[in-house]
K.L.:
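I have a structure I would like to understand better, so I am pasting it below and will then ask my questions one at a time.
Counting starts at 1 for both ligands and their atoms, in listed order.
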Amino acid sequence: MSEENISVLLEEKRVFKPKEDFVRQTNVQKWMDKNNIKNLDELYKKTEDWKWFWEKISKEMIEFYSPYKKLIEWDVPWVKWFVGAKYNIVHDALDKHVKTWRKNKVAFIFEGEPGDVRKFTYNDVYIEVNKLANSLKKLGVKKGDRVGIYMPMLPELPIAMLACAKIGAIHSVVFSGFSSLAFRDRINDCEAKVVITCDGFWRRGKKVYLKEQADVALEKAPSVKNVIVYKRTGDGVPWTAGRDVWWHDLIFDAPKQCKTEELDANDPLFFLYTSGTTGKPKGIIHAHAGYALGTAYTLDWTFDIKDEDIWWCAADIGWITGHSYIVYAPLILGTTSVIYEGAPNFPGPDRWWEIIEKYNVTSLYTSPTSIRLFMKYGEEWVKKHDLSTLRILGSVGEPINPEAWMWYYKYIGNENCQIMDTWWQTETGHFMISPLPITPLKPGSATRPLPGISADVYNDKGEPVINAGGNLVLTTPWPGMLRGIYKNPDRYVETYWNKFEGIYLAGDVTRKDDDNYFWIQGRADDVLNVSGHRIGNSEVESALVSHPIVAEAAVIGKPHSLKGESITSYVVLKGGANPTEELRKELREHVGNEMGKIARPDEIWFVTDLPKTRSGKIMRRVIRSKALGKNVGDISTLSNPEAVEEIGNAK
Ligand code: PRX
């Protein structure tokens, strides 16, 4: 985040109070009335007793097959929630609904990029999940087995996830925008037995041939025995007989009923890989019951979900936002969700506004990058459509600058909608710091930790600080918290629990103001936030260095008006190589092939050396200061201080 932004945030004094008639009808206000809680302060005070709160709220939100013996077992940093209970998230997401009037309620409205529409009721999803679950069993998938899913925004993606969960298999979804090689690394890390993908999908008027990409990954994925291919575009695909099977053939005569596996409440539900400070992504583990409670409660209270709502979380299901708030939480709450396949600005910059008008969307949840993109196109595009059904808006993934906040508030929300700026992470599973619909808002602040959540800002000595930047920490366990990093318990402890004893380190620089409002300012570690997506500096560096002509690379983030941060890289070529424009392009594409398009560097600069410490560590901090024209500080301890000058003059 730029200094200008920080100073803007520091100056931000505007407060937007929710309207009284709106407040009165909110789920949270009604809950407070029922529990004799008079105001927000009292709510926060009362819920400091987090065990009391989670116990109470779990009774209202989720249904166990058999009750738990103990609410929590907290052996820092290892947690178990609802110890001894039998549970499966699919019971709450589907099975319980088909026994009620919701059976025929629409669960998903799908709109493809070309404009095709499919609607799935709860019963439709239930049947499709059962058929696929039975088919997975037929392929030999058992409880605890991993299934790699590489699919775009199609309703079959949640169906595939739920089918795995139903039989106790663990899904590992990989964002369809990631490259073959990124997909390969992830399915190999979790040793997936089966992969589910599709022939292709639509993006910006063109077809993306996903099966071809999956096949490249599968060339070196020995654990994968079968590949299930959903037909979306209908084009021919490369085929490996004996291994590949069409989704429609597989489920053709599969039984429509399938018993949901009664699991231990703490059995793993999924792995989702996310970037850290090393070159290798971490497989974050989430478990059934705690995650179900945390996602459902936070969606219900924060976005005030009502039965008549049309909820649209416009993230991709390949990221945690989609897992939690397109798939699991909305289904648990019995909500109707929109799933849109394509690009936000295709065929025109008003595609989203058209969708909102067409389906009477009541709640939109998106990222500041998207908001800034629409701001760039201008409000004329918004004004062409009737967005009056919207009643609540949300933002996630990166700090929202007050300018984008105001535009969102004014032009999308018509000054009528609360904006929920939700702070959370892949690791937290669900919103942690966020306004409630009854919270007075300050543009750019995610406001306060939600009831049941304890967050603070510590300086490096572990002392709480107010009105100064510090480390964002979580001081008590929460239901949706990660259960570790797959196959890497040491990295789990090292990354999150080593700096302050018994305290979770989020990795974000944050300031807390006099009203206890949190202002998230950006990552504290070597992780970039590009368009709300986490990308490790070292991952991009590894991708660059894997090109035969590159000797060394350093990657830094620069403030970017649209994407939040852009990826800038400094590259040292192997002896004799000529830095050319073609090479620049080639390296960019190379990173795209290694990681996926979102990781392609915006800038590549060629240098002959990179500033390093005496022990040989590349000094990204120094490079960044120099690149941004800031003071680089004391560089006398570097082994090659002259390399700093070269950064400033790089070509
Ligand atoms: O830096 C914070 C930023 O996104 C990181 C988490 O990234 P990821 O695990 O990919 O999950 C993104 C979606 C939850 C955080 O450490 N971040 C997320 N939400 C916000 C945010 N930064 C500022 N404000 C937010 N509301």
K.L.:
For residues 284-294, pull every pair meeting side-chain hydrogen bond (donor to acceptor under 3.5 Å, both in side chains), keeping only residues two or more places apart or in separate chains.
P.N.:
Y291-S324
K.L.:
Sequence neighbours excluded, which residues qualify as ring pair (Phe, Tyr, Trp, His ring centres under 6.0 Å) partners of Y365?
P.N.:
F303, W311, F431
K.L.:
For S542, which residues count as a side-chain hydrogen bond (donor to acceptor under 3.5 Å, both in side chains) partner, sequence neighbours excluded?
P.N.:
none
K.L.:
For ring-ring contact (aromatic ring centres under 6.0 Å, His included), just list the numbers for W312 and F110, CA-CA rounded to whole Å, side-chain angles, deciding distance to a tenth of an Å, and then say yes or no.
P.N.:
CA-CA 11 Å; W312 187 15; F110 166 73; over 10 Å; no
K.L.:
Using 30° and 60° as the class boundaries, would you call the ring planes of H323 and H171 parallel, tilted or perpendicular?
P.N.:
tilted
K.L.:
Mind checking whether W519 and T447 have side chains closer than 4.5 Å, heavy atoms only?
P.N.:
no
K.L.:
Would you check ligand 1 and list the protein residues that come within less than 4.0 Å of it by any heavy atom, ordered by chain and number?
P.N.:
I320, T321, V396, G397, E398, P399, D421, T422, W423, W424, Q425, T426, D508, I520, R523, N529, R534
